[in-house]
Amino acid sequence: MNLSELLMFVLYLVFMLGIGIWFFARSKGAGEKDYFLGGRRMGAWVSGLSAGASDMSAWVLMGLPASIYTYGMGQTWIAIGLFLGYTLSWIFIAPRLRSFSIVCGDSITIPQYLTNRFGARSRALQIISAIIFLAAYTVYSASSIKACGTLFETVLGIPARYAMYAAAVIIVGYTFLGGFNAVCWTDFFQGLLMLGSLFAAPIVALAMMGGNGMAVGTLPAGYWNMMTSWQDILSGFGWGLGYFGMPHIIIRFMSVRSGKEMKKAAKVGIGWTFFILLFSVIVAIVAHLFLGEGQESSTIFITMVRRIFSGPWLGLVSGLLLSAILAGAMSTADSQLLAASSAFASDVYKPVLRKGQSTDKEMLWVGRVVVLAIAVAALLIASNPGSGTIMSLVENAWGIFGASFGPVIVLSLFWRNFTFSGAAAGIVAGAAADVLWLVLFKSTGVYEIVPGFAAGILAAVIASKCSSAESRETAAALFDQCIAYKD
């Protein structure tokens, strides 16, 4: 065990927990809107970086480089698709979603916004959404907790199970205490650390190669071939569709304090994502040259950093850079836990179970209890040896969110006659098609989000066309109010 690396991990985790305690101490008198949406007071840099960091979990340091290291540059279509989808979401979705959510009852969650967007009294949409949130976010959070276990077991020799417990306690701790503000500010610092680490490791490795007699590896034959198959290309672009319906990311759009700050936040978020994906690809390429063949693909970033910065004091640098994996895992898990808890507390508990009679204090504690419950379930999945890889867990959760909510969010912002029935049909059809494709047609090599997204759009359009004239008129009137809103 390298004590220097352990020291850096401990200091990092204490710092994250300290942020949660800080915002908890400042939260006296805070309400539901503050805990779940930060009171819509987020600035450009925090919004932009936290949106990116909540998206790019530990898989960008472990899962994506592992795929490119193993299978070659054909896997970079995932990175290309993600960057295009993320950019389009900031340009087209973010400004409208912020304005629409304000006009539509000052909504603080995605299910709440979708219900208010159509002037609906029914809570069916909120309940359906909350069920998907709880199920998918439990799986998604499990991938982040699993990454923490892999890191500690690989670097420090601590059994993965115990490391997962410790990571879950810290993540739950600052999310439980500080809510949205703590999550965004921890994500801000974690985003900076992730970018710095992904930048430093391959650059230093390249500088070292060829010196001191160090052998330089070679790339496998055909490694640079990007035109591997139409399935890889289609699935890569399919990853980008997920951004239109990823609640824990697009909720950041709703929290920005003004339209002016939104433009700045977009530049920050898009720029950060471009460089984080670029250097993730570079890590995979450099790993072949620096480490050679036959490495455990999921830990090439860890191996590279530890080989570069070996030694008692250099372990402090190694520990700091490897903390980026913790940053990636925690910045995503905290956002997912908060999004899931807000969906249950604000969209099921308050309107359905308590009939709108709950107090702000009661809502805060319900949200905190749900954070704890989801974390426990995610921990059980992550600690199960048969739960799958980090990348597969992310892929499954990403697919169902993108397929179920992506079409509905886009149509709600750009189609005047989109109705409540259309939204409900789109969510259910998208989720069902995604799961069925995963179970029955995974062997085709096409990522399930693609047929799921198509099914969601088709169902939403058909159901809206079949809706009553009254519901279409109501939806259109609200759409016009949203468009007319000026910040």
Side-chain angles (χ1 to χ4, degrees), residues 31-55 85-119 125-126 129 133 179-181 183-185 187-188 191 242-273 335 338-339 342-343 346-347 401-402 405-416 418 423 475 477-487:
E32 177 186 0
K33 183 177 176 180
D34 291 285
Y35 186 76
F36 292 127
L37 201 59
R40 294 191 196 271
R41 293 188 298 268
M42 292 295 110
W45 278 91
V46 174
S47 299
L49 276 180
S50 68
S54 66
D55 162 32
Y86 190 68
T87 300
L88 291 173
S89 70
W90 268 110
I91 294 173
F92 296 106
I93 302 299
R96 286 203 174 194
L97 182 59
R98 178 183 175 275
S99 300
F100 278 44
S101 66
I102 293 173
V103 175
C104 296
D106 197 18
S107 305
I108 63 173
T109 70
I110 296 302
Q112 197 177 99
Y113 156 70
L114 288 174
T115 298
N116 294 341
R117 163 68 179 81
F118 309 108
L125 194 58
Q126 289 173 269
S129 299
F133 272 41
F180 191 84
N181 283 305
V183 165
C184 282
W185 275 98
D187 287 357
F188 171 77
Y243 283 112
F244 303 132
M246 209 57 54
H248 66 283
I249 299 173
I250 61 177
I251 195 73
R252 262 58 175 187
F253 303 158
M254 295 162 57
S255 73
V256 180
R257 72 166 67 105
S258 68
K260 184 178 179 180
E261 289 292 297
M262 178 69 75
K263 294 179 181 178
K264 295 179 184 178
K267 294 176 183 178
V268 172
I270 293 169
W272 182 90
T273 299
S335 302
L338 191 66
S342 66
S346 296
D347 301 320
F401 272 129
F405 292 102
V408 170
I409 291 294
V410 172
L411 291 173
S412 75
L413 298 175
F414 292 96
W415 187 19
R416 189 170 179 270
F418 188 43
L478 282 168
F479 181 87
D480 292 340
Q481 290 178 32
C482 294
I483 292 295
Y485 175 80
K486 300 297 181 183
D487 204 352

For side-chain contact (heavy atoms from CB on, under 4.5 Å), just list the numbers for Tyr113 and Leu97, CA-CA rounded to whole Å, side-chain angles, deciding distance to a tenth of an Å, and then say yes or no. CA-CA 9 Å; Tyr113 156 70; Leu97 182 59; 3.9 Å; yes
The test is side-chain contact (heavy atoms from CB on, under 4.5 Å); show your working for Phe414 and Arg96 and say whether it passes. CA-CA 9 Å; Phe414 292 96; Arg96 286 203 174 194; 3.4 Å; yes
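For Thr109 against Ile251, the heavy-atom pair with the smallest separation is CA-CD1, 4.1 Å. Among all heavy-atom pairs drawn from Ala423 and Phe118, the shortest one is CB-CE1, 3.6 Å. A pairwise comparison of heavy atoms in Met254 and Ile108 identifies CE-C, 4.0 Å as the closest pair. When all heavy atoms of Leu478 and Gly119 are compared, the pair lying nearest together is CD1-N, 3.3 Å. For Thr115 against Gln126, the heavy-atom pair with the smallest separation is OG1-CG, 3.2 Å. Considering all non-hydrogen atoms of both residues, Ala266 and Trp90 come closest at CA-CE3, 3.5 Å.
Atom CG of Asn116 sits about 10.0 Å away from atom OG of Ser101, to the nearest 0.5 Å. In this structure, Lys263 NZ and Ser258 OG are separated by 10.0 Å, a value rounded to the nearest 0.5 Å. Once rounded to the nearest 0.5 Å, the distance linking OG of Ser129 with CG of Leu114 reads 6.0 Å.
With hydrogens and angles ignored, the 3.5 Å screen pairs a side-chain donor or acceptor of Arg117 with a backbone N or O of Ser412. Judged by distance alone, the side chain of Arg252 and the main-chain N or O of His248 form a donor-acceptor pair under 3.5 Å. In this structure a side-chain-to-backbone donor-acceptor pair under 3.5 Å is present from Arg98 to Arg257. Of the possible polar contacts, none joining the Arg416 side chain to the Phe479 backbone as a donor-acceptor pair under 3.5 Å is found. In this structure, the side chain of Ser107 engages the main chain of Cys104 through a donor-acceptor pair within 3.5 Å.
At least one side-chain heavy atom of Phe100 sits under 4.5 Å from a side-chain heavy atom of Ile483. Side-chain atoms of Leu413 and Phe418, non-hydrogen and from C-beta on, never get closer than 4.5 Å to each other. Here the side chains of Ile409 and Ile250 are in contact, with some heavy-atom distance below 4.5 Å.
Checking Thr87 against Tyr243 by side-chain atom types alone, no donor-acceptor pair falls below 3.5 Å.
Between Phe133 and Phe401, a ring centre-to-centre spacing shorter than 6.0 Å is recorded.
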